[in-house]
Amino acid sequence: MRPFGRMRTLAWHMAASTPAPSTDHSLARAVARRLQDALPEGVLLSVDELAELLTAPPNPALGDLAFPCFRLAKALRKGPPMIAGELARRLAELSDAAPIAEATAAGPYVNLRLDLGAAAAIVLPGSARGERPHHAAGERVMVEFSQPNTHKAFHVGHMRNLCLGDAIVRLLRADGNQVIAANYFGDVGAHIAKCLWWYLDRLSDAERQPPASHRGEWLGQIYTRAHNQLEEWQEQAAAGDAAAADLLAAAKARTTAILRGLEARDPELVAIWDETRHWSLADFAEIYGWCGVTFDHLFYESEVDEEGLRLVEDYLQRGIFVESQGAIGIFNEEIKHMPFFLLRKQDGTSLYSTKDLALARLKFEKFQIDRSIYVVDVRQSDHFRHVFLTLKKMGFGQAERCQHVGYEMVELPEGPMSGRKGTVILFRALREAMTSHVVDNYLAKFRGEWSDAEIDDTARMVALGAIKYGMLARDVQQKIVFDMSAWLDLEGNTGPYLQYTHARATSILRKCAEVDKELDPALLEDPAAARAATAALVEPQERELVLLLDQRWPVAHQAAQSLRPSVLCTYLYNLAKAFNRFNQACPVKPSEGALLQARLLLVRATIGALAQGLDLLGIPAPDRM
RNA sequence: GCGCGCGUAGCUCAGCUGGAUAGAGCGUCGGCCUCCGGAGCCGAAGGUCGCAGGUUCGAAUCCUGCCGCGCGCGCCA
């Protein structure tokens, strides 16, 4: 259940038997070790527990780290302020307190001032090397995301799911898990029948010719027209329009016939279905490529459809499922407000739920996963509660480790996107607007200096950064209001701000190299060399940056554990801000000697942390932009 | 009606496994390029953390009730 805790205990034992604090890359743990040395008798807290208790004081003037003593109060039967006073005293008496320079009790807290040089030597080399934490073998986990329907267009709403799912995959991998990124295409169902009805019956031969590119999108338009027409007839019929009622009835008969034809494997219909379906899949593949998202496995609804029905029949025989009003389902009384979970329609055909059972079994048995994550919008919370409960009653123990990541919707300032009102913003429109905006406003000045290919590639990276960060920075519980003009504003808390900071930092190293000021590689490998150089760091901006850099992996771990990429977004934004403050206050290139080396190391460490952090979000980090 | 979620600065949001003086972006106003890239930096103004109780040494954070908004609620996906 908590593999990470086990890993960290292990790491602690190893570190404890190897007295080399300068090679320990976590500042918090280096400090925690000193705290443990100074702790009064009778307190049983591990280095890791102590490290986790450390927080930042509200005001940097108070100290670099703060240790709250509330947790010790019960064990010691004393008030936190008294404990803080004692602890501060004992820390001052330690023969070697490094990297702690000063400990002062302030009410229930012990505020710790660190030796900046010592702290920097602990934190920076690992970050500059791009080091990743070691992990014990993690779990085998599948993350299912994206799941677009074929025959429909891919719009900005789909983007949130894609960005979230991809980031979760990356975070879980970095956290030591073996992750299978899975997609699940909706290539069967009523929407297909509606689309094919219009395509086959309502288009002239000339109109039926698909365009050379974006055929999936073209198909999506056909679907929308069909859908809207049916809705219109429905309303007119409800209002008493007999002609509309006839048209509606005829259309419904036709879509039902198409559906039945497909189920019966009518060769002609299947051929059309397969051809059109591939138009959509090709569009999706192109989008995933542009976004830098890859999948390890692709599922299709069409492959679990029949199996789902077999499962329903099987579990009906076993008495797990029941018949109700001619349909089949299961009563999950745990969900009081809607206990019945429908699994097979009266007409004997399958539903979304039917297929989810078969899909889950496939995941469990063929892919042998320990844990299963579904990234699907929050409206389907009840559905997944039912799915997981049902799987458990079917005897799948893995149901305990199934998890729905429900995220809120992407809406427009005017309200939800509506295909009917024609207010859907296609992903391609966003991508193109963003890309040309980036070129026109920021990259045009490099025309001639940079190759056209580099400009195009950079524009893609920045546009992608803006879109992905916009989708990820907001908590999953919050709705995203998509306003194109606001999204095109790339200043402030945005993806391009992070990318820009990375590019600026990289540029500093480039400019320094031009005047033969380069980082001595020994600083990355030799703790003593690093320590000698970092002693030159004294500025508050340098201090802030070092302290923040120490947080990179704990934050990534927290984001992974809570399946919330937004946590990492917030951290990276604060890191970038700290770097820009440093950059404003502390010139690197004009520096000399130890200070130059220490600042080069600090810049390299920031580049490492930003590049890795952005990578965990699936955002590229250009070297210049 | 029942269920889930949201409500923090003019707007959009962090902070929510309880802890020190509630933070940021945008917008407004005012500053900063002799210096490594102004997609940047600094400053100012701006808040009864929806309301009312409760738990606690301590509540934006936990509990209860209410108000407002959104979403979901058997034969769609």
Side-chain angles (χ1 to χ4, degrees), chain A residues 55 57-59 62 66 68-70 73 79-80 106-109 111 147 149 152 186 188-191 301 324-329 335-353 355-356 376-383 385 406 408-409 411 415-416 438 441-443 445 462 465-466 473-481 483 486 489-501 503-512 514-515 517 541 562 566-567 569-570 573-574 576-577 579-591 599 603 624-625:
Chain A
T55 61
N59 179 347
L62 294 172
C69 297
F70 306 102
Y109 292 90
N111 287 327
Q147 314 110 323
N149 282 335
K152 286 192 189 180
V188 294
H191 69 283
E301 277 189 33
S324 168
Q325 297 171 23
I328 310 293
I335 301 175
K336 295 182 181 65
H337 62 284
M338 50 168 291
F340 190 67
F341 188 40
L342 187 65
L343 291 164
R344 190 177 84 189
K345 294 190 272 186
Q346 277 181 339
D347 65 6
T349 58
S350 70
L351 290 133
Y352 190 50
S353 54
K355 293 165 226 169
D356 255 327
V376 182
D377 75 68
V378 73
R379 294 175 304 187
Q380 287 167 45
S381 298
D382 284 331
H383 167 78
R385 280 187 70 196
E408 267 293 348
M409 309 303 293
E411 295 185 1
V438 168
N441 292 280
Y442 299 102
L443 300 180
K445 62 187 172 199
V462 175
R474 181 116 34 268
D475 188 273
V476 290
Q477 309 256 44
Q478 292 284 354
K479 230 166 38 179
I480 289 180
V481 177
D483 174 2
D489 179 4
L490 305 182
E491 288 167 19
N493 188 357
T494 63
Y497 174 80
L498 302 184
Q499 295 173 309
Y500 179 75
T501 305
R504 285 288 301 273
T506 305
S507 166
I508 289 171
L509 297 186
R510 204 164 41 228
K511 286 291 159 67
C512 286
E514 285 172 8
V515 294
K517 289 184 167 181
Q541 292 85 357
S562 57
S566 63
V567 169
C569 290
T570 302
Y573 174 64
N574 288 324
K577 266 203 312 190
F579 178 80
N580 284 318
R581 278 194 285 263
F582 158 78
N583 188 30
Q584 198 75 17
C586 308
V588 180
K589 202 168 91 171
S591 306
R599 286 184 172 168
V603 172
R624 56 180 190 172
M625 59 187 270

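Side-chain atoms are counted along with the backbone in the values below, which use heavy atoms only and exclude waters and symmetry mates. Order of the sequence lines sets the chain letters (A, B, ...), proteins ahead of strands, with each chain counted from 1.
- Separation of the P atoms belonging to B/C62 and B/U17 is 6 Å when rounded to the nearest angstrom.
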Protein heavy-atom contacts under 4.0 Å, written 5' to 3' over nucleotides 22-38 of chain B as B (base), S (sugar-phosphate only) or - (none), form the string --SSS---------BBS

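- Here B/U48 sits opposite no nucleotide as a Watson-Crick or G-U wobble pair (both hydrogen-bonding atom distances under 3.5 Å).
- For the pair A/K517 (side chain) and A/K589 (backbone), a donor-acceptor distance under 3.5 Å is present.
- For A/H337, counting side-chain heavy atoms from C-beta on, the closest listed nucleotide (B/G72, B/C75, B/A20) is B/G72.
- Nucleotides B/U21 and B/A14 place their P atoms 24 Å apart, quoted to the nearest Å.
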Using the rule given for side-chain contact (heavy atoms from CB on, under 4.5 Å), can you reason through A/I335 versus A/H337, listing the C-alpha separation, both sets of side-chain angles and the distance that settles it, and then say yes or no?
CA-CA 6 Å; A/I335 301 175; A/H337 62 284; 3.6 Å; yes

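- One P atom belongs to B/C16, the other to B/G23, and the distance between them is 14 Å to the nearest Å.
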Do nucleotides 5-14 of chain B as a string where each nucleotide becomes B, S or -: B if the base has a protein heavy atom under 4.0 Å, S if just the sugar-phosphate does, - if no protein is that close.
SSS----SSS

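- If you measure from atom CE of A/M338 to atom C1' of B/C71, you get 13 Å, rounded to the nearest angstrom.
- In this structure, the separation between CD on A/Q541 and CZ on A/R581 is 8.5 Å, given to the nearest 0.5 Å.
- For B/A77, its base never sits under 3.5 Å from the side chain of A/D356 at any donor and acceptor pair.
- Comparing B/G10 with B/C6, their P atoms are spaced 22 Å from each other, to the whole Å.
- In this structure, A/E408 and A/R474 have side chains that are not in contact, with every pair of non-hydrogen atoms separated by 4.5 Å or more.
- Taking atom P in both B/G18 and B/C57, the straight-line distance is 15 Å, to the nearest Å.
- The closest side-chain donor-acceptor pair between A/T501 and A/N580 falls under 3.5 angstrom.
- Summarising the geometry, the separation between CD on A/Q380 and C1' on B/C76 is reported as 10 Å, rounded to the nearest angstrom.
- As rounded to the nearest Å, B/C51 and B/A60 have P atoms that lie 11 Å from one another.
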